[in-house]
Protein chains: 2
Amino acid sequence: MTIYEVAERASVSIATVSRVLRGNVPVSPGTAARVRAAVAELRYRPSHLGRGLAERQHAANGIVFPDLSGPYYAEVVLGYESVAAELGRSVLILSSHGRPTARDMVMELAARVDGLVFCTRTVDDETVREVAATGTPVVLIARPPVADVDTITTENRDSAALLAEHLLGHGYRRVVFLGDADRSSDFAERFEGVRQIIPAIVPVACGFDENSGFRAAEAVRRQRPDAVICCNDEVALGLTSATAGSVPVTGWDDVMAARYAGLTTVRQPMRELGARAARLLDERITGARGEPHHDVLPTRLIVRSSCGPHPKEET
Amino acid sequence: MTIYEVAERASVSIATVSRVLRGNVPVSPGTAARVRAAVAELRYRPSHLGRGLAERQHAANGIVFPDLSGPYYAEVVLGYESVAAELGRSVLILSSHGRPTARDMVMELAARVDGLVFCTRTVDDETVREVAATGTPVVLIARPPVADVDTITTENRDSAALLAEHLLGHGYRRVVFLGDADRSSDFAERFEGVRQIIPAIVPVACGFDENSGFRAAEAVRRQRPDAVICCNDEVALGLTSATAGSVPVTGWDDVMAARYAGLTTVRQPMRELGARAARLLDERITGARGEPHHDVLPTRLIVRSSCGPHPKEET
DNA sequence: TTGAAAGCGATACCAG
DNA sequence: CTGGTATCGCTTTCAA
């Protein structure tokens, strides 16, 4: 089923069929009707391949994330898809998770989209730069700027400081930061924010998921901390299930499980993160904007019970 | 950057460039080397559009799900992406969530992939049939067969019966099934499985997410049930937070939060669901298989504390 | 308003 | 082993 068959059925040229389908050029009402009828009868769907080739665009953009098992990226992707679809673009996803060929897969993906979003822990800056160099617009989520691509992040330092102050208010002195600041700018900023208030903060390395948090329990205990600030909710949850709540703990993100676990955490607008990224990307693709944007979304401290009995009233 | 420029740089024809890139036809070592050098120097990436048009395939397939906010679909998509990528195909996602134009978006998507997976609550069977009629291979996840497309589901009836028996063992007599069996074959099967053991089961309509569960609390209380079997974990969790655990509750799926909430539930291999779907689809796309498959994955009852104090030992 | 024809970027068949 | 060229399905001048 091609445009030729439709043209033949409607007794017009393929040019005319194309015109009524795109609707940008005037076509006589009668002809248009005949074409539309033919399209309907033949259940014709234009080929994206042919169209894309002629228009030199894909009408699709991608997003690269490390994993989708935690709630964080699921929300980000959801927000992204939601806006992209609304903007009429298909969305391609790529999980870099542990794949040694991530870089190649990314370059491969870049060749079939009009724009690309990269999350943290997916590929290095060099790869991002390479993609950007091909002219493909790029937006970075929660990672430092590279070249002059757009970035969108959430506020970390201030809320981390606020969280630290809250813990200090509890009377805690010796506190551990559980997470790997070197592998995520988000974590690095949170660590800095905390250290601003608690200079003696003790960093303990850790992965990003529940299991990592669970397995870090031993290392954490060794520090005999009054409280533990975890890099994210999953790690906090994992640690909690290992310590059975014997140590005050805080997380970050406010995922669904956090509420049920009574986890004190910092809520960040994950869905909005993806949504804004999609918008920024679109502005670049359509050329509506030239200068790079670096947006920062607000976050909010959510105090629950995991940080211990509250010495004073707070929200 | 096209194949022509590479050809010129290597002083060969585009046909030769194509040959060394695809590697299916013999090319003299010397020529191949020159071409490869040119490709590297020019940082050439073949256009997927051009290639796809010539090969009449997209090297991509899609998956349509209702939403991504809950853990269920995130896991399914993760499993799907994982296998699809491994098979060398890009993956396009489409969330039908509440969009009135879902059907059009699906037909649109179908036109740019080699195969498509549909989850429940996305589009009706008619649309599925229409896509299948275009010759695009289709796989259905957790929904009844349509035409002769492949399907992959998880076991519901038996585990539901098992769950019901467990509740009976607790001494509960009056039990409510919270969920809308009409809108999901999974839910319908679970309801049937329960009813097989508890004929007097009382159905109470409800949505699919936490909020729905929360808001259903009133309607549930009115039934003064000894226990409530929820259609999934999210609803169970929502209900729990509204009833503060005053009523024994069970869920389904075993999402992360279920563990922290001590929710008795039935675990199903969500990731595997997506992974198998990707494999089934690939078999159809490559034509490796002709007859339709209808796979059923096993599930497992997970007893925790939400169903009340245990009268006898169980796992 | 409409048609003819030149691409868009690859693949693959047909000769040589 | 290599080059020329028709083709894939569609958009878009250029003329009529």
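Quick note: numbers below take in every heavy atom, side chains included, and nothing from hydrogens, waters or symmetry partners. Nothing here was measured: the structure is a model prediction, and the numbers come from that model. Chain naming here is simple, since letters A, B, ... match the order of the sequence lines and numbering starts at 1 in each.
Comparing D:dC1, D:dT2, C:dA4 by their closest approach to the side chain of B:Pro26 singles out D:dC1. You'll find that the side chain of A:Ser28 is closest to C:dT1, out of C:dA5, C:dA10, C:dT1. Distances from the side chain of B:Ala15 to the nucleotides C:dA12, D:dC10, C:dA5 place C:dA12 closest.
Between B:Tyr44 atom OH and C:dG9 atom C1' the separation is 7 Å, expressed in whole Å. In this structure, CG of B:Leu49 is placed 13 Å from P of C:dT11, rounded to the nearest angstrom. One interatomic measurement links the two molecules: CG of A:Leu21 to C1' of C:dT2, which rounds to 16 Å at whole-angstrom precision. Protein atom CZ of A:Arg22 is 12 Å distant from nucleotide atom P of D:dC10, rounded to whole Å. For the pair A:Ile3 CD1 and D:dC10 P, the computed distance is 5 Å after rounding to whole Å. Following rounding to the nearest Å, B:Leu42 (CG) and C:dG9 (P) show an atom-to-atom distance of 14 Å. Atom pair B:Glu8:CD and D:dG3:P shows a separation of 13 Å (rounding to whole Å applied).
A:Arg19 comes within 4.0 angstrom of a nucleotide base, judged by non-hydrogen atoms across all strands. Within the 4.0 angstrom heavy-atom criterion, only backbone atoms of the sugar-phosphate kind lie near A:Val12; the bases stay farther away. Note on B:Ile14: a base of the nucleic acid sits closer than 4.0 angstrom, heavy atoms only.
The side chain of A:Ser47 contributes no N or O atom lying less than 4.0 Å from OP1 or OP2 of D:dG9. Between B:Ser18 and C:dT11, a side-chain N or O to OP1/OP2 separation shorter than 4.0 Å is present. OP1 or OP2 of C:dG3 sits under 4.0 Å from a side-chain N or O of A:Thr16. Taking side-chain N and O atoms only, A:Tyr4 has no distance below 4.0 Å to OP1 or OP2 of C:dA4. Residue A:Arg51 places no side-chain N or O under 4.0 Å from the OP1 or OP2 atom of D:dG9. Residue A:Thr31 places no side-chain N or O under 4.0 Å from the OP1 or OP2 atom of C:dT1.
Along DNA chain D, the nucleotide nearest to A:Gly50 and the one nearest to B:Ser11 differ in position, and the one closer to the 5' end is contacted by B:Ser11.
The aromatic ring centres of B:Phe187 and B:Phe208 sit less than 6.0 Å apart.
Remark: A:Leu53, A:Ala54, A:Glu55 in residues 52-60 of chain A come within less than 4.0 Å of DNA chain D through at least one heavy atom.
Partner of A:Asp150 under the side chain to side chain donor-acceptor pair (under 3.5 Å) criterion, chosen from A:His293, A:Arg276, A:Arg279, A:Arg284: A:Arg284.
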What side-chain donor-acceptor pairs closer than 3.5 Å can you find for residues 17-27 of chain A, not counting sequence neighbours?
unit_1, atom_1, unit_2, atom_2, d
A:Arg22, NH1, A:Glu55, OE2, 3.2
A:Arg22, NH2, A:Glu55, OE2, 2.3

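For CZ of B:Arg43, the number of neighbouring non-hydrogen atoms (other residues, nucleotides, ligands) closer than 6.0 Å is 12 at most.
Counting only distance, with no hydrogens or angles, the side chain of B:Tyr80 and the backbone of B:Gly62 share a donor-acceptor pair below 3.5 Å. Using a distance-only test at 3.5 Å, with no hydrogens or angles considered, a donor-acceptor pair links the side chain of B:Asp114 to the main chain of B:Ala59.
In the model, A:Ser69 has a side-chain atom that pairs as donor or acceptor with a side-chain atom of A:Asp67 under 3.5 Å.
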- Show the numbers, then the answer: is there a side-chain contact (heavy atoms from CB on, under 4.5 Å) between A:Val117 and A:Val64? CA-CA 6 Å; A:Val117 168; A:Val64 186; over 6 Å; no
